[in-house]
Amino acid sequence: MRLSRSFVPTLKETPAEAQIASHRLMLRAGLVRQTAAGIYAWLPAGLRVLQNIAQIVREEQDASGAQEVLMPTIQSADLWRQSGRYDGYGEEMLRLKDRHKRDLLYGPTNEEMITEIFASGVKSYREFPQNLYHIQWKFRDEVRPRFGVMRGREFLMKDAYSFDLDYEGAVIAYRKMMLAYMRTFQRLGLKAIPMVADTGPIGGDLSHEFIVLAPTGESQVYFEGGFEAIDWMKADFDNQNPADLERFTTLMTSMYAATDEKHDTAKWAEVPESNRREGRGIEVGHIFYFGTKYSEPMKLSVIGPDGKPIIPHMGSYGIGVSRLAGAIIEASHDEAGIIWPDSVAPWKAGILNLKVGDAKCDAICEEVYKALGGNALYDDRNERAGGKFADADLMGHPWQVIVGPRGAANGMVELKRRATGERVEVSVADALAKILG
RNA sequence: CGGAGCGUAGCGCAGUCUGGUAGCGCACCAGUCUGGGGGACUGGGGGUCGUGGGUUCGAAUCCCGCCGCUCCGACCA
């Protein structure tokens with residue numbers, strides 16, 4: 001995109017309502033605008049980020065064998081009355097009435113709905129296991145929304161729901177999803193640690209929160225260094241192989257990890273000192289097994305091989321997609337602005353034309369822009385160099401192609417890596433190779 | 001939901017206490033000089049001071065109601 005013709009309204013000053021770094025930077029970099037308390041509009045740059053995050057989540061869900069669907073945001077109250085949650089959910093649920101005075105709600109989650117949909121279509125025990133997910137907007141009427149998109153009322157979430165014939169099957173589904181999460185967060189450029197969460201009435205250890213490490217995180221976390229050492233994209237775990245999943249789980253559960261509420265100082269003391277890590281964390285995902293909590297009341301059952309009905313065991317698996325946009329910034333920014341990981345950046349590169357109107361600068365910028373296409377945001381505004389540098393740093397492009405009259409005269413550009421600040425003078429071809437490679 | 005605060009130009013703010021022709025910085029528009037980390041100068045445009053009522057000769061300012069937003073606490077992807 002050409003910045004001169006783009007709606008990317010950057011701000012030099014911070015709006016008064018933004019308190020934390022990610023909120024400030026999202027407003028300043030022109031990613032989002034608040035339209036009501038805890039409700040945000042996503043502008044072109046922000047939408048690209050959101051879509052990049054969602055796409056990575058989608059790819060890893062698909063790779064784990066889950067199938068994408070799309071359920072509505074509006075649900076009927078009757079559905080929730082069947083599970084008994086309509087009255088229990090409380091003020092967090094946004095309740096609506098249609099013109100016929102029928103009770104509706106804006107979905108805060110989709111267990112009831114997916115269970116009913118699955119029940120209406122599944123015919124045989126032979127169709128199991130299955131896992132269905134969608135990436136959809138949710139609404140929870142938080143008493144006190146804050147931290148920008150990190151804790152909005154409306155938020156984009158990936159939620160997956162697994163269906164298995166028995167507990168053993170559900171455990172495999174759970175482990176698959178945990179592995180998918182480790183890969184997902186790594187691809188998003190994050191260090192994420194699974195931590196045992198509240199076990200609930202059905203028990204077991206089948207509930208984990210995924211905490212992303214960020215200096216400004218809400219809670220204190222303690223974990224072993226081993227979590228950081230693993231490259232999940234290379235790690236040899238086949239998600240279709242139960243033995244691999246077992247090995248994976250053993251590895252995960254062998255290492256200590258806890259948030260401050262659950263911190264066990266005795267167990268912590270057993271961790272070798274050199275291996276202890278502490279930090280701040282933001283919850284970005286939650287997975288849990290809940291057995292037949294919904295399948296039973298929603299009347300999901302299939303006939304088993306022995307002719308007897310089976311009530312499937314379920315689990316659900318959430319990732320806060322819109323929250324991640326904020327969390328990534330919390331984990332990756334500096335005084336000047338955002339430092340996007342390559343995988344989620346709205347544009348891989350910013351092209352900075354330091355002297356618009358200079359024939360050589362213009363020609364080189366056009367050449368680079370043509371080669372990078374949609375991967376680049378071309379700052380072709382007739383602005384001063386300083387403003388372009390500041391905006392590029394603020395917007396956080398992983399690469400900056402800086403084209404000024406000095407280098408352009410010799411056909412050279414400067415290539416700056418946002419994350420390290422490193423700048424090198426290179427030919428156009430070399431710059432393109434670096435960015436696209 | 002308890003406690004606190006704020007609402008004045010696109011953004012950041014002053015003016016409110018003590019009523020008297022609505023201001024500053026940045027941004028924006030035009031022009032000149034500039035031109036590698038938010039430059040200088042000149043000239044402009046932009047406000048029913050959140051909203052409704054009341055007091056007053058006169059209200060951004062005082063009084064009452066309402067709405068919105070933010071912060072702290074209890075709660076959450």
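Order of the sequence lines sets the chain letters (A, B, ...), proteins ahead of strands, with each chain counted from 1. Excluded from the calculations below are hydrogen atoms, water molecules and symmetry mates; all remaining heavy atoms, backbone and side chain alike, are included.
The gap from the C1' atom of B:U16 to that of B:C6 amounts to 14 Å, rounded to the nearest Å. One P atom belongs to B:A77, the other to B:G37, and the distance between them is 47 Å to the nearest Å. The separation of B:U21 from B:U48, taken at their C1' atoms, amounts to 16 Å, rounded to a whole angstrom. If you take atom P in B:G19 and the same atom in B:C57, they sit 15 Å apart, rounded to whole Å. With both ends at atom P, the span from B:C41 to B:U34 equals 16 Å, rounded to whole Å. Taking atom P on both nucleotides, B:U8 is separated from B:G73 by 26 Å, rounded to a whole Å. Only the C1' atoms considered, B:G50 is 7 Å distant from B:G68, to the nearest whole Å. Separation of the P atoms belonging to B:G12 and B:U56 is 37 Å when rounded to the nearest angstrom.
Heavy atoms of A:Arg153 sit nowhere under 4.0 angstrom from any nucleic acid atom. Within 4.0 Å (heavy atoms only), A:Asn382 reaches at least one base atom of the nucleic acid. Residue contacts for A:Asp159: at a heavy-atom cut-off of 4.0 Å it reaches no nucleic acid atom on any strand shown. Base engagement by A:Ala390 is indicated by at least one non-hydrogen atom pair under 4.0 Å involving a base atom. In this structure, A:Val284 reaches the sugar-phosphate backbone alone: every heavy-atom distance under 4.0 Å involves primed, P, OP1 or OP2 atoms, never a base. Base engagement by A:Gly404 is indicated by at least one non-hydrogen atom pair under 4.0 Å involving a base atom. Among the heavy atoms of the strands lying under 4.0 Å from A:Gly387 is at least one base atom, whether or not backbone atoms are also near. At the heavy-atom level, A:Gly152 lies under 4.0 Å from base atoms of the strands shown.
In this structure, the CD atom of A:Glu218 is 11 Å from the C1' atom of B:A77, given to the nearest Å. The interatomic distance linking A:Arg33 (CZ) with B:C69 (P) rounds to 17 Å, in whole Å. Whole-Å rounding puts the A:Phe288 CZ to B:C76 P distance at 12 Å. In this structure, A:Ile20 atom CD1 and B:C72 atom P are separated by 10 Å, rounded to whole Å. Rounded to whole angstrom, the span from the CD atom of A:Glu414 across to the P atom of B:G36 amounts to 12 Å. Computed from coordinates, the A:Gln19 CD to B:C71 P distance equals 5 Å when rounded to whole Å. Going from atom OH of A:Tyr89 over to atom C1' of B:C75 covers 12 Å, rounded to whole Å.
Nearest nucleotide to the side chain of A:Arg146, out of B:C76, B:C69, B:C75: B:C75.
A:Met233 places a side-chain heavy atom less than 4.5 Å from the side chain of A:Arg187. Considering only heavy atoms from C-beta on, A:Asp391 comes within 4.5 Å of A:Arg381 through its side chain.
Side-chain N or O atoms of A:Ser332 include one that pairs as donor or acceptor with a backbone N or O of A:Ile339 at under 3.5 Å. Looking only at distances, no side-chain donor or acceptor of A:His263 sits under 3.5 Å from a matching main-chain atom of A:Thr259. Between the side chain of A:Lys158 and the backbone N or O of A:Tyr317 there is at least one donor-acceptor pair closer than 3.5 Å. Counting only distance, with no hydrogens or angles, the side chain of A:Asp393 and the backbone of A:Gly337 share no donor-acceptor pair below 3.5 Å. Side-chain N or O atoms of A:Tyr106 include none that pairs as donor or acceptor with a backbone N or O of A:Glu154 at under 3.5 Å.
Taking the ring centroids of A:Tyr181 and A:Trp232, they lie at or beyond the 6.0 Å cut-off.
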Identify each atom pair where a protein N or O and an N or O of nucleotides 28-31 of chain B are less than 3.5 Å apart, giving names and distance.
none

Could you list the protein-to-nucleotides 39-43 of chain B atom pairs, N/O on both sides, closer than 3.5 Å?
residue, atom, partner, partner atom, Å
B:G39, N7, A:Arg384, NE, 3.0
B:G39, N7, A:Arg384, NH1, 2.9

Between protein and nucleic acid, restricted to nucleotides 10-14 of chain B and to nitrogen or oxygen atoms under 3.5 Å apart, what atom pairs and distances do you find?
residue, atom, partner, partner atom, Å
B:C11, O2, A:Glu13, OE1, 3.2
B:G12, OP1, A:Ala16, N, 2.7

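By the stacking rule of 5.5 Å between ring centres and under 30° between planes, A:Phe155 stacks on the base of B:A77.
A:Ser219 and A:Asp260 share no donor-acceptor pair across their side chains, judged by distance under 3.5 Å alone. Side-chain contact, A:Gln55 with A:Gln51: no donor N or O sits under 3.5 Å from an acceptor N or O. Of the N and O atoms on the side chains of A:Gln220 and A:Arg280, at least one donor lies less than 3.5 Å from an acceptor on the other residue.
Both A:Thr35 and A:Arg323 sit near RNA chain B, but only A:Thr35 has its closest nucleotide nearer the 5' end.
Pair check for B:C76 finds none; no Watson-Crick or G-U wobble contact set falls under 3.5 Å. Across all strands shown, B:U48 forms no Watson-Crick or G-U wobble pair with both key distances under 3.5 Å. In a base pair of the Watson-Crick type (N1 to N3 plus N6-O4 or O6-N4) or a G-U wobble (N1-O2 and O6-N3), with each distance short of 3.5 Å, B:G7 is matched with B:C67. Checking B:G36 for Watson-Crick or G-U wobble geometry (two distances, each under 3.5 Å) identifies no partner in any strand. Pair check for B:A14 finds none; no Watson-Crick or G-U wobble contact set falls under 3.5 Å. Pairing partner, B:G20: B:C57, with both Watson-Crick or wobble hydrogen-bond distances short of 3.5 Å.
Taking only distance into account, the side chain of A:Arg151 meets the base of B:C75 through a donor-acceptor pair shorter than 3.5 Å.
Taking CE from A:Met182 and CG from A:Leu190, the interatomic distance works out to 11.0 Å, rounded to the nearest 0.5 Å.
Note on ring orientation: taking the six-membered ring where Trp is involved, the planes of A:Tyr161 and A:His134 are tilted (angle from 30° to 60°).
Exactly one residue among A:His286, A:His208, A:Glu209 makes a side chain to side chain contact (heavy atoms under 4.5 Å, CB included) with A:Pro194. That residue is A:His208.
Distances shorter than 4.0 Å separate some side-chain N or O of A:Gln34 from OP1 or OP2 on B:U70.
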*Would you check, one step at a time, whether the test side-chain contact (heavy atoms from CB on, under 4.5 Å) holds for A:Tyr378 with A:Val403?*
CA-CA 11 Å; A:Tyr378 173 21; A:Val403 183; over 6 Å; no

